[in-house]
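These notes are about the structure you will find just below.
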Amino acid sequence: MAAVKELKKTSYQVNENGYYGKFGGAYIPEMLYPNIEELRENYLQIMQDPSFQAAFHQLLKDYVGRPTPLYFANRLSEKFGAKIYLKREDLCHTGAHKVNNTIGQILLARQLNKKFIIAETGAGQHGVATATVCALMGMECKVFMGALDMERQKPNVERMRILGAEVIPAVSGNQTLKDATNEAMRYWINYPVDSHYIIGSVVGPHPYPDMVARFQSVVSAEIRQQLLEQTGTEQPDYVIACVGGGSNAAGAYYHFLDEPDVKLIAAEAAGHGITSGESAATTALGRIGILHGSKTLLMQTDDGQVVEPYSISAGLDYPGIGPLHAHLYDTGRATFYSITDDEAMDAGILLSRLEGIIPAIESAHALGALHYMDLKPEDVVVISLSGRGDKDLETYIKWGKY
Ligand SMILES: Cc1ncc(COP(=O)(O)O)c(C=O)c1O
């Protein structure tokens, strides 16, 4: 299902108060104010420093394996009647785009003289990416993870432990990403001085959404360059990405935000269907509210209680989206499709059979959007293949239809 809106003229960059249109800001408890303020005052200056940029890009190249390929998917293109390219974030070290951000944030935490790292994780990819960079830099790491997600993503739990991180189960709510984020924030409030909280998506109080989007923007910088080399033009007709909190989408969209000819397509998780009561289809069902420190669209009851989300994919099982994406939706700049579990699983198997690539179930939602689009043979489509399916093998096996 798609929601198409008329495009409004606006800026898609965060303003000086931390807002994207009416979304964003920093709604935080008093105790966290010094940390967030320290970050806000310093993040741009640190990130723009040439020596920081050099260290960041060196690690992205030699440690993460960037640039990731932009792969022309021949058989997938034939099937959908357009020129489809896959941005292979699944080939990043640790298996997903999440590491682009954790490399950036750990370098930043060191600049701020922080002693240990806190993180939350849903699918475990961000937790693994955080545990990885903490091992790399010799920093202590505590990862909060919903108890249900720990069950669904066992291999990633063990990977984090092997890397030396402490994985702390979140047992509140429905024991998924929202609850892990709540508990990580609670912990941070108790240890605010020496710790840095590495948020894994473009969510949370300002400046996190902007900071994470900037670290992930390397993805669209590479897409432009690679498209130019492969097709002679830097602009695709469409960029498609799944949206949990929205970091892979923000990275894939970033350098196209102000180019309306490049259509931005977002796939959110419809779970068992948007009217089933079991979904994470935030734009289809959400209203404006405050979640994890920012004003954004979120799924909530009439009296403002957060609705428990559901998706087969742990990384999309979140009741909100980042404020940038709420703004992209609100202004009509991005078109959102709600993709069900079944549609995503079918798309994951299709890619496996057509291209020999088993995608993460999160990324399979982005592929699922292809069925809803009216594509022409000359259309150039870039899909953010945000992660690999290894972590999801048990879910594929349980689903069974292959
Ligand atoms: C492979 C993969 N893709 C996408 C996501 C969703 O996160 P985001 O929307 O921040 O990219 C996750 C989250 O864990 C993930 O592991």
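Side-chain atoms are counted along with the backbone in the values below, which use heavy atoms only and exclude waters and symmetry mates. Atoms within each ligand, like the ligands themselves, are counted from 1 in listed order. In this text, all values refer to a predicted model and were calculated from it rather than measured experimentally.
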Would you confirm whether Thr296, through its side chain, and Ala326, through its main-chain N or O, come within 3.5 Å as a donor-acceptor pair?
no
Taking side chain to side chain donor-acceptor pair (under 3.5 Å) as the criterion, tell me which of Arg88, Lys87, Glu355 meets it with Tyr71.
Glu355
Run the numbers for me: atoms of ligand 1, each under 4.0 Å from some heavy atom of Ala360, listed by number.
1 (C)
Flag Gly245 as yes when one of its N or O atoms lies below 3.5 Å from any N or O atom of ligand 1, and as no otherwise.
yes
Ligand 1 N/O within reach of His126 N/O, cut-off under 3.5 Å
no
Proximal atoms of ligand 1 relative to Ser247 (non-hydrogen, under 4.0 Å):
8 (P), 9 (O), 10 (O), 11 (O)
Near Gly246 (heavy-atom distance under 4.0 Å), the atoms of ligand 1 are 8 (P), 9 (O), 10 (O)
So the atoms of ligand 1 within less than 4.0 Å of a heavy atom of Gln125 turn out to be 16 (O)
the protein heavy atom lying closest to atom 3 (N) of ligand 1 turns out to be Ser386 OG, 2.7 Å
Tell me the nearest of His325, Glu362, Glu268 to atom 15 (C) of ligand 1, using heavy-atom distances.
Glu362
Passing option when Tyr197 is tested against Ile117, Ile118, Leu39, Asn35 for side chain to side chain contact (heavy atoms under 4.5 Å, CB included):
Ile118
Out of all atoms in ligand 1, which are within 4.0 Å of some heavy atom of Gly387? Include the element for each.
1 (C)
Could you tell me whether Arg224 and Glu222 have a side-chain N and a carboxylate O separated by less than 4.0 Å?
no
Among non-hydrogen protein atoms, atom 6 (C) of ligand 1 lies closest to Gly315 O, 3.4 Å
For Gly244, is at least one N or O under 3.5 Å away from an N or O on ligand 1?
yes
Distance-only side-chain donor-acceptor flag, Asp49 / Gln45, under 3.5 Å:
no
Is the closest N or O pair between Asn248 and ligand 1 shorter than 3.5 Å?
yes
Quick one: do the His97 and Ser247 side chains pair a donor with an acceptor below 3.5 Å?
yes
Could you tell me whether a side-chain N or O of Glu268 sits under 3.5 Å from a main-chain N or O of Tyr337, the two making a donor and an acceptor?
no
Is it true that the side chains of Asp342 and His272 contain a donor and an acceptor less than 3.5 Å apart?
no
May I ask whether His97 has any heavy atom positioned less than 4.0 angstrom from an atom of ligand 1?
yes
Of all the atoms in ligand 1, which lie at a distance below 4.0 Å from a heavy atom belonging to Ser201?
8 (P), 10 (O)
Please list, in number order, the atoms of ligand 1 under 4.0 Å from a heavy atom of Lys98.
7 (O), 8 (P), 10 (O), 12 (C), 13 (C), 14 (O)
Do you see a donor-acceptor pair shorter than 3.5 Å between the side chains of Gln226 and Gln230?
no
Side chain of Glu166, backbone of Cys141: donor and acceptor closer than 3.5 Å?
no
Answer yes or no: does an N/O atom from Ser363 fall short of 3.5 Å to an N/O atom of ligand 1?
no
Examine distances only and state if a side-chain atom of Asn15 and a backbone atom of Asn17 form a donor-acceptor pair shorter than 3.5 Å.
yes
Can you list the atoms of ligand 1 that are under 4.0 Å from a heavy atom of Cys242?
4 (C)
